Trainee: 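Sending over a structure as structure tokens; questions will come in a sec.
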Amino acid sequence: YIYLSLTIACALAYFLAGMSLFDAISHSFSTVAIGGFSTHDLSIGYFNNPMIEIVAVFFMFFAGVNFSLHFLCWRATNLTYYFADSEFKTYLALLTAVFLICTGGLALTQFDDNLLKTLRISLFQAVSIGTTTGFTTSAFQLWPGFLPLLLIFSSFTGGCAGSTGGGIKVIRVLLLYKQGMREIHRLIHPNAVMTIKMGGRPVHGRVVDAV
């Protein structure tokens, strides 16, 4: 139900933003499924329309979120569940960090004199590649320095567990980070008993070992 609702809403938003009905339906399936397929060789860049790009960013981002979390927020009609979820907060922080680094890198190297356009392409590519969708509006492989590599590395993490996104999943990366920090603390305090927690609840050792 949540998936179908997002797809219909995405198609409607694309159509209102300026796509033809055929393009809107085709891209809505591809956006919510995080497939990245387009009806045009230039992908979303073909339309050169900021409103279409905003719609794509919005739905790519939410398609990369755990659909169980969407359902929980919808059933309770309460958006605070998003910000109480450790995985969602990490997901948001990672995409924001990639976006800011790309913006800073492009601005410092004067890749484009138009700051608004720099923000626009940075946001779109950070979300598109970070969620493993793959839509493009710019030839990001030609961006200066390490930025193309950063975008590719961000796709390794991908979306949240229970989403349509690919990658390792944010929850596993977060658990790896917490496990690494626990091992460092154990070097300092060998006899300490430390439990890895997610959302205030302890994570079973078998889960951590599996990750």
Side-chain angles (χ1 to χ4, degrees), residues 2-3 5-20 23-40 42-67 69-70 73 79 82-83 85 87-107 111-112 114-141 143 147-148 150-160 163-167 170:
I2 299 294
Y3 180 89
S5 299
L6 275 177
T7 305
I8 293 171
C10 184
L12 181 60
Y14 273 141
F15 181 69
L16 294 175
M19 280 189 181
S20 68
D23 281 340
I25 294 172
S26 300
H27 283 87
S28 68
F29 286 129
S30 188
T31 302
V32 178
I34 303 191
F37 296 104
S38 176
T39 54
H40 301 280
L42 293 177
S43 191
I44 297 293
Y46 167 85
F47 302 98
N48 193 25
N49 184 326
M51 286 305 299
I52 288 175
E53 292 169 22
I54 290 171
V55 170
V57 166
F58 179 85
F59 284 97
M60 284 188 295
F61 176 81
F62 277 97
V65 176
N66 191 323
F67 274 63
L69 189 59
H70 287 320
C73 293
L79 297 179
Y82 285 119
F83 298 99
D85 185 73
E87 186 182 25
F88 177 83
K89 289 187 287 187
T90 305
Y91 171 69
L92 178 61
L94 287 173
L95 290 182
T96 302
V98 173
F99 160 61
L100 293 176
I101 292 170
C102 287
T103 301
L106 293 177
F111 183 77
D112 195 300
N114 190 329
L115 181 59
L116 196 60
K117 184 180 178 183
T118 298
L119 288 167
R120 176 179 153 191
I121 63 174
S122 296
L123 177 63
F124 187 90
Q125 292 307 147
V127 176
S128 178
I129 305 301
T131 57
T132 70
T133 308
F135 283 139
T136 58
T137 56
S138 172
F140 70 90
Q141 68 272 17
W143 287 6
L147 297 182
L150 173 67
L151 288 172
I152 296 299
F153 279 168
S154 71
S155 72
F156 291 177
T157 301
C160 300
S163 73
T164 55
V170 175

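Note that these values count all heavy atoms, side chains included, but never hydrogens, waters or copies made by symmetry. Keep in mind that this is a model prediction, so the values were computed, not measured.
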Trainee: Suppose we screen for side-chain contact (heavy atoms from CB on, under 4.5 Å). Which residues come up paired with Thr103, at least two apart in sequence or across chains?
Mentor: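 Thr103 satisfies side-chain contact (heavy atoms from CB on, under 4.5 Å) with Phe99, Thr118, Leu119, Ser122 once adjacent residues are dropped.
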Trainee: Can a side-chain donor-acceptor contact be found between Thr39 and Asp23 if the only test is distance below 3.5 angstrom?
Mentor: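 Yes - a donor-acceptor pair under 3.5 Å links their side chains.
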Trainee: Taking only residues two or more places apart in sequence, or in another chain, which ones meet Phe37 in a ring pair (Phe, Tyr, Trp, His ring centres under 6.0 Å)?
Mentor: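 Once residues adjacent in sequence are excluded, Phe37 has no partner under the ring pair (Phe, Tyr, Trp, His ring centres under 6.0 Å) criterion.
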Trainee: Parallel under 30°, tilted from 30 to 60°, perpendicular over 60°: which one fits the rings of Trp143 and Phe140?
Mentor: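 If you compare the ring of Trp143 with that of Phe140, the planes turn out perpendicular.
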Trainee: Using the ring pair (Phe, Tyr, Trp, His ring centres under 6.0 Å) criterion, which residues pair with Phe29? Sequence neighbours excluded.
Mentor: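 Per chain and number, Phe29 pairs via ring pair (Phe, Tyr, Trp, His ring centres under 6.0 Å) with no residue.
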Trainee: Using side-chain contact (heavy atoms from CB on, under 4.5 Å), reason through Leu151 and Val98 one step at a time and then give a plain yes or no.
Mentor: CA-CA 7 Å; Leu151 288 172; Val98 173; 3.8 Å; yes
Trainee: Ignoring hydrogens and angles, tell me if any N or O in the side chain of Ser163 forms a donor-acceptor pair with the backbone of Gly165 under 3.5 Å.
Mentor: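 Yes: the side chain of Ser163 pairs with the backbone of Gly165.
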Trainee: Side-chain donor-acceptor pairs under 3.5 Å in residues 49-56, sequence neighbours left out?
Mentor:
| from | atom 1 | to | atom 2 | distance (Å) |
| --- | --- | --- | --- | --- |
| Asn49 | OD1 | Met51 | N | 2.8 |
| Asn49 | OD1 | Ile52 | N | 3.4 |
| Asn49 | ND2 | Ala17 | O | 3.0 |
| Glu53 | OE1 | Arg120 | NE | 2.7 |
| Glu53 | OE2 | Arg120 | NE | 3.4 |
| Glu53 | OE2 | Arg120 | NH2 | 2.9 |

Trainee: Do side-chain atoms of Ser30 reach the backbone of Gly36 as a donor and acceptor pair under 3.5 angstrom?
Mentor: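 Indeed, once roles are kept as given, a pair shorter than 3.5 Å links the two residues.
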Trainee: Going by ring pair (Phe, Tyr, Trp, His ring centres under 6.0 Å), name the residues that satisfy it together with Phe67, two or more places apart in sequence or in a different chain.
Mentor: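 For Phe67, the residues satisfying ring pair (Phe, Tyr, Trp, His ring centres under 6.0 Å) (neighbours in sequence not counted) are His70.
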Trainee: Check salt bridge (Lys or Arg N to Asp or Glu O under 4.0 Å) between Lys117 and all other residues, then give those that pass, not counting sequence neighbours.
Mentor: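 Scan of Lys117 (salt bridge (Lys or Arg N to Asp or Glu O under 4.0 Å), adjacent residues dropped) gives Asp112.
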Trainee: For the residue pair His27 and His40, categorise the inter-ring angle as parallel (less than 30°), tilted (30 to 60°) or perpendicular (more than 60°).
Mentor: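 Rings of His27 and His40: parallel, as their planes differ by under 30°.
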Trainee: Parallel, tilted or perpendicular: which fits the ring planes of Phe62 and Tyr82, with parallel below 30° and perpendicular above 60°?
Mentor: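 Taking Tyr82 first and then Phe62, their aromatic rings stand perpendicular (interplane angle over 60°).
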Trainee: Evaluate Gln125 against Phe135 for side-chain contact (heavy atoms from CB on, under 4.5 Å), listing each step before the verdict.
Mentor: CA-CA 8 Å; Gln125 292 307 147; Phe135 283 139; over 6 Å; no
Trainee: Would you say Ser155's side chain and Gly130's backbone share a donor-acceptor pair under 3.5 angstrom?
Mentor: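 It does not hold such a pair.
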Trainee: Are the side chain of Ser43 and the backbone N or O of Thr136 linked by a donor-acceptor pair below 3.5 Å?
Mentor: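 Such a contact is found between Ser43 side chain and Thr136 backbone.
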